[in-house]
Student: 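Below is the structure I would like to discuss, written out as structure tokens.
Convention: sequence-line order gives letters A, B, ...; per-chain numbering from 1.
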2 protein chains.
Amino acid sequence: MEKFLALSDEKQTLIRNAALSCFSQHGYEKASINDIAKMAGISKASLFQYFGTKQNLYEYLVEHSSTQMKAVYQEQALYANADFFDRVQQAIIMKIDNLKKNPYIVAFIISVAKEPSIEISEHIKDLMQEGEKHLHDLMLRDADLVKFKHPEDAPLLFRTLMHIGYGIVDEIEGVSDFDRIVCEMENILKMLKYHFYKEEYLL
Amino acid sequence: MEKFLALSDEKQTLIRNAALSCFSQHGYEKASINDIAKMAGISKASLFQYFGTKQNLYEYLVEHSSTQMKAVYQEQALYANADFFDRVQQAIIMKIDNLKKNPYIVAFIISVAKEPSIEISEHIKDLMQEGEKHLHDLMLRDADLVKFKHPEDAPLLFRTLMHIGYGIVDEIEGVSDFDRIVCEMENILKMLKYHFYKEEYLL
DNA sequence: ATCACGAATAACCGATTCGGTCAATACAAA
DNA sequence: TTTGTATTGACCGAATCGGTTATTCGTGAT
């Protein structure tokens with residue numbers, strides 16, 4: 001492991017991304033060290049020099065990815081007091097930003113959660129909790145309800161925004177045009193806000 | 001091949017589903033005949049008895065799946081004259097219904113489109129076109145625009161509904177509670193219609 | 001120029017799995 | 001019991017698996 005950490009950051013990232021990509025595409029069993037080495041442009045022997053065993057490499061990736069991910073969560077504390085729509089908008093932008101900056105890590109973590117038989121690592125369980133907490137910050141509050149023309153719409157609109165968020169994140173998938181989709185999402189939220197809020201709350 | 005078609009329908013389906021599942025999970029190269037045979041509960045030798053080669057089995061699945069899928073498209077002609085929201089609602093319900101009835105086939109076709117190196121089979125290309133045509137039937141028409149409080153909202157609302165559709169379909173993923181999500185989707189569309197349509201068009 | 005030393009790899013290991021074959025078995029009809 | 005067929009366990013050579021080792025390569029000091 002020290003052997004690997006002594007490499008240049010670029011090379012570390014290159015190797016990590018190759019491994020993350022292979023494992024998330026094929027799963028632990030079907031991903032082979034040969035594939036990873038080839039994709040990283042290094043020899044198989046080097047991989048074993050760095051990590052010892054396949055399982056060791058995988059565990060390193062789990063730990064590194066969840067650490068990285070938690071750091072993102074940390075620096076992304078939501079403004080708890082912001083308006084409902086602003087909170088949702090900020091959350092989706094964060095999600096997209098993260099997806100853009102760490103595509104391999106996001107895909108890998110999702111794949112780890114799908115791994116059969118192997119009990120989900122503690123790190124990943126922690127991550128799930130962290131995600132739950134984030135989601136809770138988005139929830140509707142009483143303070144928001146008064147702004148709605150029809151407050152009884154609010155819960156369903158919240159669900160709607162969740163669907164939109166999932167949909168947008170899902171549609172991205174390798175598309176490089178992040179800015180366009182972020183812009184569209186902002187316009188969608190503005191439009192919905194206009195139709196659902198009372199006039200006096202449209203800033 | 002005739003050997004396979006002579007089997008009972010239930011056994012055919014059992015074997016097909018096992019193969020569809022393996023291929024869509026692991027891709028052509030990494031899916032093994034052993035896995036498929038084990039999942040289907042038959043011997044590997046039988047699979048070769050039925051299909052001759054791995055590639056033959058795969059090609060049969062592509063053909064069968066696209067045929068099945070086209071049949072679904074055929075019987076699902078959209079009412080061209082219906083109201084905008086009704087068309088969208090009907091389309092999403094169809095999508096969900098199809099996903100519920102043919103989960104293995106849908107997943108397999110998506111995986112075929114992702115297969116690297118192998119040129120996309122003609123059948124699948126046809127399917128894509130069919131899907132495009134379906135989508136075109138959803139498009140906004142001039143007749144719809146007059147119903148909107150703000151006709152300029154319509155294109156963006158259309159995009160919004162697409163996102164919601166993708167989001168909902170994506171969230172389903174094995175969840176058995178189709179009816180609940182269909183119901184929620186209907187409520188969402190009703191709510192949006194209420195806020196975006198002029199009063200006199202709210203039937 | 002050469003030596004020394006760590007990093008990288010080509011070549012190799014036994015074991016397993018691959019796609020595919022075939023002879024033996026299980027089974028149903030006659 | 002015999003015959004024909006559906007199914008499979010056992011097997012094939014080739015490839016690939018995770019992992020090791022002996023050699024080569026690159027570099028910095030002498």
Student: Return the polar atom pairs (N/O with N/O) between nucleotides 4-7 of chain C and the protein under 3.5 Å, or none.
Tutor:
none

Student: Below 4.0 angstrom, N of the basic side chain to O of the carboxylate: do B/K30 and A/D35 qualify?
Tutor: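 Between A/D35 and B/K30 there is a salt bridge, with a charged N closer than 4.0 Å to a carboxylate O.
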
Student: Let me have the donor-acceptor pairs involving side chains of residues 92-107 of chain A, under 3.5 Å, with sequence neighbours excluded, atom names and distances please.
Tutor:
| from | atom 1 | to | atom 2 | distance (Å) |
| --- | --- | --- | --- | --- |
| A/N98 | OD1 | A/N102 | ND2 | 2.9 |

Student: On DNA chain D, which is the earliest and which the latest nucleotide, 5' to 3', with an atom closer than 4.0 Å to a heavy atom of chain A?
Tutor: D/dC17 to D/dT21

Student: Using ring centroids (six-membered ring only for Trp), state whether A/Y194 and B/H150 fall under 6.0 Å.
Tutor: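 Ring centroids of B/H150 and A/Y194 are less than 6.0 Å from each other.
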
Student: Hey, do the aromatic rings of A/Y201 and A/F148 have their centres closer than 6.0 Å?
Tutor: no

Student: Taking 4.0 angstrom as the limit, do B/E130 and B/K70 come out as a salt bridge?
Tutor: no

Student: Let's see if you get this right: which residues in residues 13-26 of chain A place a heavy atom under 4.0 Å from DNA chain C?
Tutor: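 Result for residues 13-26 of chain A: none.
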
Student: Would you call A/Q89 and A/F85 a side-chain contact if the rule is heavy atoms closer than 4.5 Å?
Tutor: no

Student: Using a cut-off of 4.0 Å between protein heavy atoms and nucleotide atoms, how would you tag nucleotides 10-25 of chain C 5' to 3' with B, S and -?
Tutor: B-------SBBBB---

Student: Specify whether A/Y50 and A/F4 have parallel, tilted or perpendicular ring planes, treating 30° as the upper limit for parallel and 60° as the lower limit for perpendicular.
Tutor: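 Judged by the thresholds at 30° and 60°, the geometry between A/Y50 and A/F4 is tilted.
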
Student: The criterion is ring-ring contact (aromatic ring centres under 6.0 Å, His included); which residues satisfy it with B/Y28, sequence neighbours excluded?
Tutor: B/F23, B/Y58

